[in-house]
Amino acid sequence: QVQLVESGGGLVQAGGSLRLSCAASGRTFSSYAGGWFRPAPGKDGEFVAGISWSGSSTVYADSVKGRFAISRDNAKNTVYLQMNSLKPEDTAKYYCARSSGPTAIRYEYGYDYWGQGTQVTVSS
């Protein structure tokens, strides 16, 4: 079993920044890709960003490209999401997930462990 715990959410003004963390316990996270998702209207979840097991490859949703950065520290079993230039439409609960493989992918079905989420609220 893998437990994922997100932290770092909060209330921020538009244009501000937040850094989310996802700490894993239990089985290792370091051999698997990680990702961040958020709910979207009419969808179960919207892919935000993903990172390969080594951190050498990252993928982003078009809506956050250039503003968000995903990274990881395998020694700490932690994945991060640096969010800059936040917009009110970024308001959501952000969920961390561990992929079932080493490669970052955009689809929920490729992830087998999920955290409980951390709320991000961006005021205008």
| Can any side-chain N or O of Tyr111 pair as donor or acceptor with the backbone N or O of Ile105 at less than 3.5 Å? | yes

| query | Sequence neighbours excluded, which residues qualify as side-chain hydrogen bond (donor to acceptor under 3.5 Å, both in side chains) partners of Arg19? | reply | none

| request: Give the intermediate values and the outcome of side chain to side chain contact (heavy atoms under 4.5 Å, CB included) for residues Arg38 and Ser63. | output: CA-CA 12 Å; Arg38 64 189 183 189; Ser63 59; 3.5 Å; yes

| field | Nearest atoms (heavy-atom pairs only) where Pro39 meets Lys93 | value | CD-O, 3.0 Å

| query | Given Trp53 and Tyr32, is the side chain to side chain contact (heavy atoms under 4.5 Å, CB included) satisfied, shown in steps? | reply | CA-CA 5 Å; Trp53 73 276; Tyr32 300 88; 5.6 Å; no

| Do other residues, nucleotides or ligands put more than 12 heavy atoms under 6.0 Å from the OH atom of Tyr80? | yes

| note | Nearest heavy-atom approach of Arg72 to Ser30 is NH2-CA, 3.8 Å

| query | Nearest 0.5 Å, what's the CD-CD distance between Glu108 and Glu46? | reply | 10.5 Å

| field | Ser54 backbone acceptor or donor facing Ser56 side chain under 3.5 Å | value | no

| Checking Glu6 side chain against Cys96 main chain: does a donor-acceptor pair fall under 3.5 Å? | yes

| note | Apart from Leu81 itself, its cluster of hydrophobic side chains linked below 4.5 Å comprises Val2, Leu4, Val12, Leu18, Leu20, Phe29, Trp36, Val48, Ile51, Tyr60, Val64, Phe68, Ile70, Val79, Met83, Leu86, Tyr94, Tyr113, Val120, Val122

| task | Determine yes or no for a side-chain-to-main-chain donor-acceptor pair under 3.5 angstrom, with Thr121 supplying the side chain and Thr91 the backbone. | result | no

| field | Closest non-hydrogen atom pair, Ser52 against Ala104 | value | N-CB, 3.8 Å

| said: Under a 4.0 Å threshold between the charged nitrogen and the carboxylate oxygen, would Asp90 count as salt-bridged to Lys87? | reply: no

| said: Taking CD in Gln116 as the centre, count heavy atoms belonging to other residues, nucleotides or ligands within less than 6.0 Å. Is the count above 12? | reply: no

| Ser99 side chain vs Ala33 backbone, donor-acceptor pair below 3.5 Å | no

